[in-house]
Amino acid sequence: MTAQPTFTEQPLLEVRDFQVELITDAGIIRAVDSVSFSIHRGETVTIIGESGSGKSTTAMGILRLLPEDLAVLSGTVLIDGVDITADPKAIDKVRGKTLALIPQDPMTALSPVHSIGSQLFEAIRIAGAASAKDKGALQARAVRLLEQVHIPTPEKQLKKYPHQLSGGMLQRVLIAIALASEPQLLVADEPTSALDVTVQGGILDLLLELQEQRGIGILMITHDLGVARLISDRIHVMKDGSFVESGEVQQIVDHPATDYTRALLAAVPVLGPWDETPAAAPGRHAANATGSSATSDPALTQTGAKP
Amino acid sequence: MTNYILKRLGQGLLTVFLTVSTVFILIRMAPGDPAVSYAGPLASNEQLAAVREQFGLDRPVLEQYWIFLQQLFTGNLGQSYSFQAPAMQVVAERMPYTLTLATAAILLTAVVAIPLGVWMSRRPDTGKELGVNVLTIAGQSMPDFWTGIMLLTGFAVLVPIFPASGFATWGGLVLPTITIAILQIALISRMVRREMTNNLAAPFLTVARSRGVRSSALTWRYAMGNSAIPVFTALGTRFAAMLNGVVVVEVVFAWPGVGSLIVRALETRDYPLIQATVLLTALLAVGVQLLIDLAYPLLDPRVRLGKAATA
């Protein structure tokens, strides 16, 4: 995707033997089992897997956003050299600074009773980019951030509340909020799965554009191989808490090594001629009907696997 | 907005009208005779008849109701039988006492219940939280006459810190306020805890935490900011209910408010006084409720600005 990273430098994110154990009523569940990977500047690494495979738990564990009393983390997670598993307080040094999260559902990710502007201003203050007293600097910075995520008439949007914006616009606002601190590493937890298909492509394009401009490292969590193939440098396929397959995008897509990966590949809908032959499997029409609407963005459909 | 206010105002006035009309009928259906209360048990039939004639109680109920309606629109509900003064005036003199007590009780409730609920929400399932939770259930279960008498025994009789009755000094406000507030604190703090627990688990809170928002801001700005609307509504509704007279507590502490007044009015079958009390308290309660509704848009931008989101 971007220029070949130089692996001599320290990775932005280095994860070694990372484990997450969740304490549930049914006992202790190892949701993430000894995963290791790293992300360098300008790289996008994707963890792909079906629901319940542990991919979101991995991301939330790295951000230390799992309930402290219910999730036990072990192994090593170095974010820009800061070990956040050893010291629970260390995460405060990277949150809102080098590290930022793009959430799954933008519609519920902002406080409904606070304006876009107040939530963006707060992020700018935390980043230390402008002080609370300097209203002019705050406003100017907020407007520039919204411009960078291509939001029209930013001054007007600042006064609005989340319920007045669409999902796609809110995701752009959330990306702007994430950018307030000039982060090095973005964790994008299914950033497009709650969005209308017509705006999914736009959000992915924006992430790629920002990565190209700033050399941000991105950890992408998705179940959608179309998304993964479009933006990733490397892919880790996750199943039952561990990686079953890892490698370059092209290699995984062209030569999947496991049945699980092949199943994920087969789940990507294909745009093609309408298959009306009676030999088609039952339910095939329904699958095609939903499948074709889910891939109306050409940027996504080109990645469809062709069995 | 003006239309909305006018509509709510109309609804409120209709509520008040139906309330006073219902009370007018009910007190005349209830057993007891104002003339007997007024003239005394030894009065002769002639004396009773004279009293009834004087009060207009010998006329058909419909005619009495017609007179009542005329009085309603002039704002003069007639003479109180027992006070020998305009009923509205008697009630109006008592109103400030009830207002004072209700205001003090709701302020104490807010000041204690909100931090307490927040405190509980931040340590769910701990021993301390469980302890406080049990206390709130106890507070909710104690009847106010019992709480009142216990407080009286404790802090006015055994350890005489506060006066036992009346409102001669500000100290007299303390025990009745606490008596009312105990139940309200129990109810409101549990509500605050429930709302806060939901909002502390909301996705927007996790996302805010991910961008380094400090814990105190997460609790107060985010979680409390989103819990404020239902909590404010509950406090306002309880305040409006208290204005109808905190009857039992006012009687226990001989508080000179409308609550103790209506008990006396009912005992003596003082129809004009009952009607005046109901009219004034209903007007106040409806007025407070209207203010709560009008404050809603200030607290919630979704109400203020309406739904506007489209693709």
Side-chain angles (χ1 to χ4, degrees), chain A residues 59-60 62-67 69 91-115 118-120 122-128 159-170 174 177-181 183 187 189 194-196 198-199, chain B residues 114 118 120-130 192 195-233 295-311:
Chain A
M60 291 297 121
I62 288 169
L63 291 158
R64 286 203 86 105
L65 288 173
L66 297 168
D69 48 343
I91 191 74
D92 295 334
K93 292 181 204 152
V94 291
R95 272 187 197 154
K97 294 178 182 76
T98 42
L99 175 68
L101 168 72
I102 314 288
Q104 187 164 10
D105 182 0
M107 307 294 268
T108 59
L110 287 165
S111 165
V113 301
H114 296 104
S115 69
S118 82
Q119 297 182 67
L120 185 51
E122 180 190 53
I124 295 169
R125 282 198 304 272
I126 291 169
K159 293 194 190 74
K160 288 193 178 167
Y161 287 84
H163 75 275
Q164 296 175 293
L165 296 180
S166 67
M169 277 297 141
L170 286 176
L174 282 155
I177 289 176
L179 292 178
S181 62
V187 176
D189 182 14
L195 296 179
D196 216 75
T198 51
V199 297
Chain B
I114 293 173
V118 171
M120 285 195 282
S121 72
R122 291 186 67 174
R123 17 188 105 49
D125 306 321
T126 60
K128 283 180 193 167
E129 191 258 357
L130 185 69
V192 170
E195 291 293 329
M196 286 292 290
T197 304
N198 288 342
N199 282 315
L200 283 171
F204 62 77
L205 204 106
T206 306
V207 177
R209 178 174 285 133
S210 82
R211 56 176 186 261
V213 177
R214 294 223 321 267
S215 174
S216 58
L218 290 176
T219 303
W220 291 103
R221 183 171 134 85
Y222 283 89
M224 195 65 221
N226 280 279
S227 306
I229 299 152
V231 172
F232 172 80
T233 311
Y296 234 89
L298 299 178
L299 288 169
D300 192 342
R302 285 162 294 190
V303 177
R304 181 165 72 241
L305 303 165
K307 279 273 167 202
T310 42

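What's counted below: heavy atoms across the whole structure, side chains too, no hydrogens, waters or symmetry copies. As the structure is a prediction and not an experimental result, all values here were calculated from the model.
- To the nearest 0.5 Å, atoms CZ (A:Arg64) and OG (B:Ser210) are separated by 15.0 Å.
- Under the 4.5 Å side-chain criterion, counting only non-hydrogen atoms from C-beta, B:Arg211 is not in contact with A:Ser181.
- Between chain B and the residues A:Leu101, A:Asp105, A:Asp69, the most heavy-atom pairs under 4.5 angstrom are made by A:Leu101.
- Of the two parts of A:Gln104, neither the backbone nor the side chain holds a non-hydrogen atom closer than 4.5 Å to a non-hydrogen atom of chain B.
- Closest non-hydrogen pair, A:His163 versus B:Pro301, comes out as CE1-O, 3.4 Å.
- Among A:Asp196, A:Leu170, A:Thr108, A:Val187, the residue making the largest number of heavy-atom pairs under 4.5 Å with chain B is A:Thr108.
- For chain B, the nearby parts of A:Ser118 are the backbone and the side chain; heavy atoms of each come within less than 4.5 Å.
- Between A:Leu65 and B:Arg209, the closest side-chain pair of non-hydrogen atoms falls below 4.5 Å.
- With chain A as partner, the option from B:Val207, B:Thr206, B:Asn226 having the largest number of non-hydrogen pairs under 4.5 angstrom is B:Asn226.
- Heavy atoms of B:Leu205 lying under 4.5 Å from chain A are absent altogether.
- Heavy atoms closer than 4.5 Å to chain B are found nowhere in A:Leu63, neither backbone nor side chain.
- Nearest heavy-atom pair, B:Phe204 versus A:Ser111, reported as atom, atom and distance to 0.1 Å: CB-N, 3.6 Å.
- When the shell of 6.0 Å around CZ of B:Arg214 is examined, it contains 12 or fewer heavy atoms from other residues, nucleotides or ligands.
- Taking all atoms of both residues into account, the shortest heavy-atom contact from A:Glu122 to B:Val213 is OE1-CG2, 3.5 Å.
- The two atoms that bring B:Arg221 and A:His114 nearest to each other are O-CE1, 2.9 Å, heavy atoms only.
- Proximity to chain B (any heavy atom under 4.5 Å) is restricted, for A:Leu174, to the side chain, taken from C-beta onward.
- Here the closest heavy-atom approach between residue B:Arg304 and residue A:Tyr161 is recorded as NH2-OH, 3.0 Å.
- Contact between A:Val113 and B:Gly225 at its shortest, heavy atoms only, is CG2-O, 3.6 Å.
- Only the side chain of A:Ile177 comes within less than 4.5 Å of a heavy atom of chain B; its backbone N, CA, C and O stay farther away.
- Chain B forms more heavy-atom pairs under 4.5 Å with one residue of A:Lys97, A:Gln119, A:Met60 than with any other, namely A:Gln119.
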